[in-house]
**Student:** 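I'd like to ask you about the structure that follows.
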Amino acid sequence: MSDCIFCKIFAGEIPAKEVARTDDVLVFRDLNPQAPHHLLVIPKRHATDLGDFVAAARAEEVGDLFAAASRAGRAASPSGYRIVVNEGVDAGQTVFHLHLHVLAGRNLDWPPG
Ligand code: DGP
């Protein structure tokens, strides 16, 4: 999508600190980290949020996204990590291209705020 910031990051048109990349998934560092390790995992295919993504995705596409997040989390911290997906205004979503947050490197409170 032409005016989507994460589509532009995937395409390399906006710089980001990349951690891992495949043809379909990109892992990069969050600009505003909430933990010592705060990564974002995005699909190449634009979808506004998780609901829109899974409505059109093949199971393999969903699996690839979570596999990338899991690999990134374990690499960041073998002692634990958290995957967060915010969907919609009530959840605090601010960028409307599906992204998985991977947080690690500190004790993560529960329940989250
Ligand atoms: P959310 O609130 O779930 O929509 O999270 C969006 C996240 O995206 C937020 O933690 C900040 C991050 N972010 C926004 N713009 C950029 C950017 O241009 N580059 C990077 N690396 N992260 C961004």
Side-chain angles (χ1 to χ4, degrees):
M1 205 173 118
S2 60
D3 61 347
C4 169
I5 192 163
F6 283 3
C7 284
K8 288 182 178 172
I9 286 176
F10 199 104
E13 293 165 11
I14 291 177
K17 292 182 179 166
E18 294 192 13
V19 172
R21 173 187 277 280
T22 68
D23 287 348
D24 300 313
V25 178
L26 174 64
V27 183
F28 60 103
R29 298 195 186 283
D30 194 292
L31 203 58
N32 182 25
Q34 302 301 312
H37 301 282
H38 187 169
L39 306 170
L40 299 173
V41 182
I42 62 170
K44 177 178 185 179
R45 181 168 65 78
H46 181 86
T48 301
D49 52 34
L50 183 62
D52 278 8
F53 186 72
V54 299
R58 293 168 287 112
E60 188 185 329
E61 207 179 355
V62 180
D64 287 348
L65 202 62
F66 275 87
S70 167
R71 279 194 297 272
R74 284 192 169 193
S77 172
S79 59
Y81 62 91
R82 182 174 292 164
I83 295 173
V84 172
V85 181
N86 296 323
E87 175 166 329
V89 175
D90 282 0
Q93 185 178 6
T94 58
V95 177
F96 291 88
H97 178 128
L98 170 63
H99 49 283
L100 279 57
H101 295 261
V102 178
L103 299 149
R106 65 170 171 82
N107 285 322
L108 298 162
D109 293 339
W110 192 263

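Order of appearance sets the numbers: ligands from 1, and atoms from 1 within every ligand. Positions are given from 1, in the same order as the sequence printed here.
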**Student:** Check whether any heavy atom of Gln34 sits under 4.0 Å from an atom of ligand 1.
**Tutor:** no
**Student:** Measure the distances from the heavy atoms of Phe6 to every atom of ligand 1 and state whether one is below 4.0 angstrom.
**Tutor:** yes
**Student:** For atom 19 (N) of ligand 1, which of Asn32, Ile9, Ile42 has the closest heavy atom?
**Tutor:** Ile9
**Student:** Distance to 0.1 Å, residue and atom name: give those for the protein heavy atom nearest to atom 21 (N) of ligand 1.
**Tutor:** Arg29 O, 2.9 Å
**Student:** Considering only non-hydrogen protein atoms, determine which one is nearest to atom 5 (O) of ligand 1 and report residue, atom name and distance to 0.1 Å.
**Tutor:**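 For atom 5 (O) of ligand 1, the nearest protein heavy atom comes out as His99 NE2, 3.1 Å.
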**Student:** Could you tell me whether the side chain of Arg21 and the main chain of Phe10 form a donor-acceptor pair under 3.5 Å?
**Tutor:**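 At least one qualifying donor-acceptor pair exists.
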**Student:** Indicate, as side chain, backbone, both or neither, the part of Lys17 found under 4.0 angstrom from ligand 1 when only non-hydrogen atoms are considered.
**Tutor:**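 For Lys17, there is no contact with ligand 1 at all, from either part.
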**Student:** Could you tell me the residue and atom name of the protein heavy atom closest to atom 14 (C) of ligand 1, and the distance to it rounded to 0.1 Å?
**Tutor:** Val95 CG2, 3.9 Å
**Student:** Could you tell me, atom by atom, which parts of ligand 1 come under 4.0 Å of a heavy atom of Leu40?
**Tutor:** 8 (O), 12 (C), 22 (N)
**Student:** Give the residue, atom name and distance (to 0.1 Å) of the protein heavy atom nearest atom 4 (O) of ligand 1.
**Tutor:**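 Here the closest protein heavy atom is Thr94 N, 2.7 Å.
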**Student:** Counting non-hydrogen protein atoms only, what is the nearest one to atom 18 (O) of ligand 1? Give residue, atom name and distance.
**Tutor:**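 Looking only at protein heavy atoms, the one closest to atom 18 (O) of ligand 1 is Ile5 CD1, 3.4 Å.
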**Student:** Tell me whether Gln93 contacts the main-chain N or O of Asp49 through its side chain, where contact means a donor paired with an acceptor under 3.5 Å.
**Tutor:**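 No: the side chain of Gln93 does not pair with the backbone of Asp49.
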**Student:** Quick one: nearest non-hydrogen protein atom to atom 17 (C) of ligand 1, plus distance?
**Tutor:** Leu31 CD2, 3.7 Å
**Student:** Under a 3.5 Å distance rule, please check whether His99 uses its side chain to pair with a backbone N or O of Asn86 as donor and acceptor.
**Tutor:** no
**Student:** Would you say the side chain of Leu98 lies within less than 4.5 Å of the side chain of Val85, judging by non-hydrogen atoms?
**Tutor:**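 In short, these two side chains touch, coming nearer than 4.5 Å.
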**Student:** I'd like to check which ligand 1 atoms, numbered from 1 as shown, lie under 4.0 Å from a non-hydrogen atom of Gly92.
**Tutor:**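 Reading through ligand 1 atom by atom, the close ones are 1 (P), 2 (O).
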**Student:** Side chain of Arg82, backbone of Asp109: donor and acceptor closer than 3.5 Å?
**Tutor:** yes
**Student:** Keeping the roles fixed (side chain from Gln34, backbone from Asn32), state whether a donor-acceptor pair exists under 3.5 Å.
**Tutor:** yes
**Student:** What do you reckon, is CD of Glu60 surrounded by more than 12 foreign heavy atoms closer than 6.0 Å?
**Tutor:** no
**Student:** Hey, does His38 come in under 3.5 Å of ligand 1, counting only N/O atoms on both sides?
**Tutor:** no
**Student:** Are Arg45 and Asp24 side-chain neighbours, meaning at least one heavy-atom pair lies under 4.5 Å?
**Tutor:** no
**Student:** Taking side chain as C-beta onward, heavy atoms only, is His38 less than 4.5 Å from Val102?
**Tutor:** no
**Student:** Would you say Phe28 has any N or O atom under 3.5 Å from an N or O of ligand 1, going by distance alone?
**Tutor:** no
**Student:** Where is the nearest protein heavy atom to atom 11 (C) of ligand 1: which residue, which atom, and how far?
**Tutor:** Asp30 OD1, 3.3 Å
**Student:** N/O of Ile14 under 3.5 Å from N/O of ligand 1, yes or no?
**Tutor:** no
**Student:** Would you give the length of the straight line joining atom OH of Tyr81 to atom CG of Leu103, rounded to the nearest 0.5 angstrom?
**Tutor:**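 Here the rounded value is 12.0 Å.
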